[in-house]
K.L.:
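For reference, the structure I am asking about is given below.
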Amino acid sequence: MRIRVDDIVEVISGDDKGVRGRVLRVDRKEGRVVVEGVNVVLKHVRPSRQARQGGRLSKERPIQMSNVMLVCPSCDRATRVGARFLPDGSKVRYCKKCNANIGVISPPRKRVTQQA
């Protein structure tokens, strides 16, 4: 799962195909993401003490993570994402199309040297 909060993604299937948006929430256990402006539904709210007015609220619902692709910030295209280690030992995400680094997954690790 190489999609994180605040990434820009593009929907590749479904009613909102081709729409780009920012990831608001990621549920790794269920394999779903909530994307800003995608899969918007209307929720009818009855007037109560908390919501005095009531009415219809528009709300984003989760979609499958397999239905979105990460948009590379450097080439501005929806792309597959890979992971690799840099020489300093840090792990980064990279674009499979333009080979540019997208973001750090884990910081550099200290090298363990074996002693005889």
Side-chain angles (χ1 to χ4, degrees):
M1 314 260 187
R2 295 195 169 93
I3 295 177
R4 295 176 160 204
V5 174
D6 289 332
D7 282 343
I8 302 297
V9 294
E10 184 174 325
V11 180
I12 58 172
S13 67
D15 292 339
D16 294 315
K17 182 176 181 177
V19 177
R20 289 186 179 186
R22 188 171 57 90
V23 176
L24 302 175
R25 207 167 56 238
V26 177
D27 185 2
R28 296 193 187 287
K29 185 176 179 184
E30 297 291 327
R32 292 181 166 273
V33 292
V34 176
V35 181
E36 190 174 42
V38 174
N39 198 19
V40 178
V41 297
L42 291 175
K43 182 177 181 181
H44 297 270
V45 179
R46 178 172 287 181
S48 64
R49 287 183 184 260
Q50 288 84 17
R52 298 234 179 228
Q53 179 67 35
R56 300 185 328 172
L57 296 174
S58 58
K59 182 178 183 179
E60 288 104 357
R61 299 290 299 157
I63 61 173
Q64 281 287 333
M65 198 175 287
S66 62
N67 293 338
V68 296
M69 285 183 85
L70 184 69
V71 175
C72 177
S74 59
C75 65
D76 197 42
R77 293 189 291 178
T79 182
R80 292 178 297 141
V81 180
R84 64 179 167 207
F85 288 97
L86 296 180
D88 67 348
S90 61
K91 190 175 182 182
V92 295
R93 297 184 296 170
Y94 73 98
C95 172
K96 295 266 189 155
K97 289 186 179 177
C98 68
N99 211 22
N101 290 342
I102 295 174
V104 177
I105 296 174
S106 65
R109 290 195 228 167
K110 295 178 183 175
R111 290 217 167 160
V112 178
T113 57
Q114 293 181 354
Q115 296 181 3

K.L.:
Just how far is it from atom CG of Asp6 to atom CD of Glu36, taken to the nearest 0.5 Å?
P.N.:
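Answer rounded to 0.5 Å: 9.5 Å.
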
K.L.:
Determine the minimum heavy-atom distance between Ile102 and Cys95, stating which atoms define it.
P.N.:
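Closest approach of Ile102 to Cys95, heavy atoms only: CD1-N, 3.8 Å.
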
K.L.:
From Arg28 CZ over to Met65 CE, what is the distance, rounded to the nearest 0.5 angstrom?
P.N.:
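One finds 6.0 Å between CZ of Arg28 and CE of Met65.
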
K.L.:
Between Val68 and Ile63, is the side-chain contact (heavy atoms from CB on, under 4.5 Å) condition met? List the steps.
P.N.:
CA-CA 8 Å; Val68 296; Ile63 61 173; 3.5 Å; yes

K.L.:
Pair Val92, Leu86 - check side-chain contact (heavy atoms from CB on, under 4.5 Å), show working.
P.N.:
CA-CA 7 Å; Val92 295; Leu86 296 180; 3.8 Å; yes

K.L.:
For residues Ala83 and Lys91, report the shortest heavy-atom separation together with the two atoms involved.
P.N.:
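Between these two residues, the closest heavy atoms are CB-CE, 3.9 Å.
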
K.L.:
Among residues two or more places apart or on two chains, list those pairs meeting side-chain hydrogen bond (donor to acceptor under 3.5 Å, both in side chains) that have a residue in residues 66-75.
P.N.:
Ser13-Asn67

K.L.:
How far does SG of Cys72 sit from CZ of Arg93, to the nearest 0.5 angstrom?
P.N.:
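Cys72 SG to Arg93 CZ: 10.5 Å, rounded to 0.5 Å.
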
K.L.:
What pair of heavy atoms forms the shortest contact from Ala78 to Glu10, and how long is it?
P.N.:
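Reported closest heavy-atom pair: CB-OE1, 3.9 Å.
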
K.L.:
Decide side-chain contact (heavy atoms from CB on, under 4.5 Å) for Leu57 and Leu42; before the verdict, give the C-alpha distance in whole Å, the side-chain angles of both, and the deciding distance to 0.1 Å.
P.N.:
CA-CA 5 Å; Leu57 296 174; Leu42 291 175; over 6 Å; no

K.L.:
Is the shortest heavy-atom distance from the side chain of Val33 to the side chain of Val9 under 4.5 Å?
P.N.:
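Val33 vs Val9: side chains apart.
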
K.L.:
Is the shortest side-chain heavy-atom distance between Val23 and Val34 below 4.5 Å?
P.N.:
no

K.L.:
Spell out, yes or no, whether Val26 and Val38 are grouped together once hydrophobic residues are joined by side-chain heavy atoms under 4.5 Å, including indirect joins.
P.N.:
yes

K.L.:
For the side chain of Asn101 and the backbone of Gly103, is there at least one donor-acceptor N/O pair under 3.5 Å apart?
P.N.:
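Not confirmed, Asn101 side chain does not pair with Gly103 backbone.
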
K.L.:
Find the distance between NZ (Lys43) and NZ (Lys59) and round it off to the nearest 0.5 Å.
P.N.:
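The NZ atom of Lys59 is 4.5 Å from NZ of Lys43, to the nearest 0.5 Å.
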
K.L.:
Taking 4.0 angstrom as the limit, do Asp76 and Lys97 come out as a salt bridge?
P.N.:
no

K.L.:
For Asn99 versus Arg84, what's the shortest heavy-atom pair and its separation?
P.N.:
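So the two residues come closest at OD1-NH1, 2.9 Å.
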
K.L.:
State plainly whether one hydrophobic cluster holds both Tyr94 and Ile8, where clusters connect Ile, Leu, Val, Met, Phe, Trp and Tyr through side-chain heavy atoms under 4.5 angstrom apart.
P.N.:
no

K.L.:
State yes or no: do Val19 and Val35 share one hydrophobic cluster built from I, L, V, M, F, W and Y residues joined by side-chain heavy-atom distances below 4.5 Å, directly or via other members?
P.N.:
yes

K.L.:
Looking at Val71, is its backbone amide N or carbonyl O close enough to the side chain of Arg77 to form a donor-acceptor pair, meaning the two atoms are under 3.5 Å apart?
P.N.:
no

K.L.:
Rounded to the nearest 0.5 Å, what's the gap from CZ on Arg20 to CE on Met69? Could you check?
P.N.:
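So the CZ of Arg20 and the CE of Met69 are separated by 11.0 Å.
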
K.L.:
Considering non-hydrogen atoms only, spot the tightest contact between Pro62 and Asn39 and give its length.
P.N.:
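Shortest heavy-atom contact: O-ND2, 3.3 Å.
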
K.L.:
Looking at Asp7 and Arg22, does any basic side-chain N land under 4.0 Å from a carboxylate oxygen?
P.N.:
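Result for this pair is no, no salt bridge flagged.
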
K.L.:
Looking at Val40 and Glu60, what are the two nearest heavy atoms and their distance?
P.N.:
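Nearest pair, atom of Val40 first, then Glu60: CG2-CG, 4.1 Å.
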
